[in-house]
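Here is the structure we will look at, set down as structure tokens.
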Amino acid sequence: MLDLAYIREHPEEVKQAMASLYVEAPIDAILELDVRRRSLLTQVEQLKQQRNQVSKEIGKTLAPHARHTPAESGVARQASAGVRDAAEREAKKAEMRSVGDQIESFDAQVRETETELNDLMLTVPNLPDPSVPVGKDETENIVTRVVGEPQTAKDFGFEPKPHWDLGTALGIIDFERGVKVSGTRFYMLIGAGARLQRALISFMLDVHIGQGYLEVYPPYLVKRETLIGTGQLPKFAENQYFDQVDDLWMIPTAEVPVTNMYAGEILDGAKLPINHVAYTACFRREQMSAGRDTRGIKRGHQFDKVEMVKFCTPETSMAELAKLIDNAEEIARLLKIPYRIIQMVTGDLSFSAAVKYDIEMWAPGCNEWLEVSSCSNFKDFQARRANIKFKRNTQRGARAEYVHTLNGSGLALPRVMIAVLENYQQADGSIAVPEVLKPYMGGLEVIR
RNA sequence: GGAGGGAUGGCCGAGUGGCUUAAGGCGACGGUCUUGAAAACCGUUGUAGCCCUAUGGGUUACCGGGGGUUCGAAUCCCUCUCCCUCCGCCA
């Protein structure tokens, strides 16, 4: 969520930013609601002040012993001065009743305006960082680096096969049975296939733990407000699986529970940056892209992922993003798989990101670059939604500020599996196990 | 799923309709004293919003969330959530 005060003070700048994202954002409607809300607040607060004051005066005119008898049964026995007081008191009460009615009506209008305003604010995407190149869509994204040599048939000395052929022949990926049990876009990993995925998970976690990330095992089902915190809701409800009875939602990424684990908290600035790594399954309906990437295990409704999440101070978040990318790259380097880094232009930024880089691994069988990681700096956008703050020190009067949040895949499993299978395939259709994975595979050298 | 008990500031903990502007304690911060420290003593203390003549002043809301009663609610009523104790069920 953007800072409302910032929109109020820099409306033209915000509108331009939205234009560079190729997004229609209701900035004018927000500004109008903001004016209306503040005007209503001023009026209702005056009325409340009046009521508070007069109510206190009413209390003072009551004799101390009478204060606890609401019916004022003793009125008849009081002297004439007391009776006059009582009459005056009743007049004031009647007056305050009418003030109360006005307050009620104003409060209702304030609530209505705030709900409307908040609903609109939740649909506005993050502002892009000034460093992000302006561009319309993914075709204009920038390849910033290529690491390693993408291998082709010439290098292999034979025609490299796609993973669906390799996996099926080896009996380590079973597409038919996955579909039988769960429907389209599901598959099963069998034997060395399942073990290879498990090896990759353990390997990645160990590498990231070594880089200083604290491992977290989070829930896979979360509340609606948790998905609002990271920005998946309300805009992208159609991409989520959820249980209607309990209003619990299946996580599309570990980012959701891990970022929100500090929701509503004020963190100790001395403890920042906080680095977490989590392995989870992820669930996505992907109905928007039905028909795309239908072959193989590239895009399924369920996949595993190791994810890194960072919480840091505003002034360090860009440097932390660079570290995050390097930490994710380390996996590709250790696996000795060629990869490249892509910078997203404004038009291809995700809803919550201010800056975003993708890591793509080369897959010689499918003959394409596979997106295995997205590393994003969300700045204070998610922190504002999830209300995650920090204090720089314990000094008196220290102000709580919003943290900056970042996350990046410490790689998405199915696509790394594809890259491993296709890059390490041999002429006979067997797969050499990458050196760094052998200890995790019980010393297995070749999958055949 | 059933029965009972709870939720108050950074923490502990009082508070059954109006001197509550939330007592008291702890902690934290500042000061006095001291060669320095401790102790003692004095003072300060949260969050969010709005308004103004704006290094300051005013005001509203916040005692788990939401609603209600009342001139007035931490306090009374309804409801929801979460936690604790016990029972049942369960990988």
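Reminder, nothing fancy here: chain letters follow the sequence lines and each chain counts from 1.
- Rounded to a whole Å, the CG atom of D268(A) is 16 Å from the C1' atom of C11(B).
- Of the charged side-chain nitrogens involved, none lies within less than 4.0 Å of a carboxylate oxygen, so that E401(A) and K389(A) do not count as a salt-bridged pair.
- Applying the Watson-Crick and G-U wobble criteria (two distances, each under 3.5 Å), G27(B) pairs with U45(B).
- For the residue pair S374(A)/E371(A), the side-chain donor-acceptor check at 3.5 Å is satisfied.
- Note: CG (D3(A)) to C1' (A48(B)) measures 13 Å, nearest angstrom.
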Residues F351(A), F381(A); criterion ring-ring contact (aromatic ring centres under 6.0 Å, His included); working and verdict: CA-CA 10 Å; F351(A) 180 75; F381(A) 187 82; 5.7 Å; yes
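- Look at the P atom in both G13(B) and G4(B): the space between them is 25 Å, to the nearest Å.
- Close to U60(B), at under 4.0 Å from its OP1 or OP2, lies a side-chain N or O of N52(A).
- The listed nucleotides are G67(B), G46(B), G18(B); the one nearest the side chain of R111(A) is G67(B).
- Atom P of U79(B) sits at a distance of 28 Å from the matching atom of G88(B), rounded to the whole Å.
- A salt bridge links D34(A) and R8(A); the closest N-O separation between the charged side-chain nitrogens and carboxylate oxygens is under 4.0 Å.
- Across all strands shown, K223(A) has no heavy atoms under 4.0 Å from either base or sugar-phosphate atoms.
- Salt bridge absent: E95(A) and K92(A) never bring a charged side-chain N and a carboxylate O closer than 4.0 Å.
- Proximity of R8(A) to the phosphate of C50(B): a side-chain N or O atom is located under 4.0 Å from OP1 or OP2.
- Rounded to an integer number of Å, the gap from Q50(A) CD to U60(B) C1' is 14 Å.
- Not a single donor-acceptor pair, N or O on each side, falls under 3.5 Å between the base of G58(B) and the side chain of Q49(A).
- A side-chain N or O of N377(A) and one of S317(A) form a donor-acceptor pair less than 3.5 Å apart.
- Computed from coordinates, the R384(A) CZ to A48(B) P distance equals 11 Å when rounded to whole Å.
- We find that K356(A) and D348(A) are not joined by a salt bridge, their nearest charged nitrogen and carboxylate oxygen being 4.0 Å or further apart.
- Figure legend. A74(B) is base-paired to no nucleotide; pairs are counted as Watson-Crick or G-U wobble with both atom distances under 3.5 Å.
- Nucleotide G64(B) has C80(B) as its partner under the Watson-Crick or G-U criteria, with both atom distances under 3.5 Å.
- When the P atom is compared between A48(B) and C11(B), the two are found 16 Å apart, to the nearest whole Å.
- Within 4.0 Å of K92(A), counting heavy atoms only, lies no atom of the nucleic acid at all.
- Checking U20(B) for Watson-Crick or G-U wobble geometry (two distances, each under 3.5 Å) identifies no partner in any strand.
- When the P atom of U47(B) is taken as reference, atom CZ of F390(A) falls 14 Å away, rounded to whole Å.
- Nearest nucleotide to the K389(A) side chain, out of U47(B), C71(B), U59(B): U47(B).
- Summarising the base pairing, U85(B) is matched to A3(B) through a Watson-Crick or G-U wobble pair whose two defining distances lie under 3.5 Å.
- Here the separation of G17(B) from C63(B), taken at their C1' atoms, is 16 Å to the nearest Å.
- A salt bridge links K93(A) to E90(A): at least one charged side-chain nitrogen sits closer than 4.0 Å to a carboxylate oxygen.
- Comparing R51(A) and S55(A) along RNA chain B, the residue whose closest nucleotide (by nearest heavy atom) sits nearer the 5' end is S55(A).
- Using atom C1' as the reference point in both C41(B) and U53(B), the two lie 41 Å apart (nearest Å).
- The separation of G2(B) from U60(B), taken at their C1' atoms, amounts to 44 Å, rounded to a whole angstrom.
- Between N387(A) atom CG and C62(B) atom P the separation is 18 Å, expressed in whole Å.
- Look at A40(B): its Watson-Crick or wobble partner, with both distances under 3.5 angstrom, is U32(B).
- Atom P of G27(B) sits at a distance of 24 Å from the matching atom of U34(B), rounded to the whole Å.
- Using atom C1' as the reference point in both C87(B) and C80(B), the two lie 24 Å apart (nearest Å).
- Following rounding to the nearest Å, I58(A) (CD1) and C19(B) (P) show an atom-to-atom distance of 14 Å.
- Contact check, K391(A) against U47(B): a side-chain N or O comes under 4.0 Å of OP1 or OP2.
- Rounded to whole Å, the distance from CG on L117(A) to P on G49(B) is 13 Å.
- Remark: R38(A) is in phosphate contact with C51(B), judged by side-chain N or O atoms under 4.0 Å from OP1 or OP2.
- Within the shown strands, nothing qualifies as a pairing partner of U53(B) under the Watson-Crick or G-U definition with both distances less than 3.5 Å.
- Comparing E104(A) and A94(A) by the nucleotide of RNA chain B that holds the closest heavy atom to each, the one mapping nearer the 5' end is E104(A).
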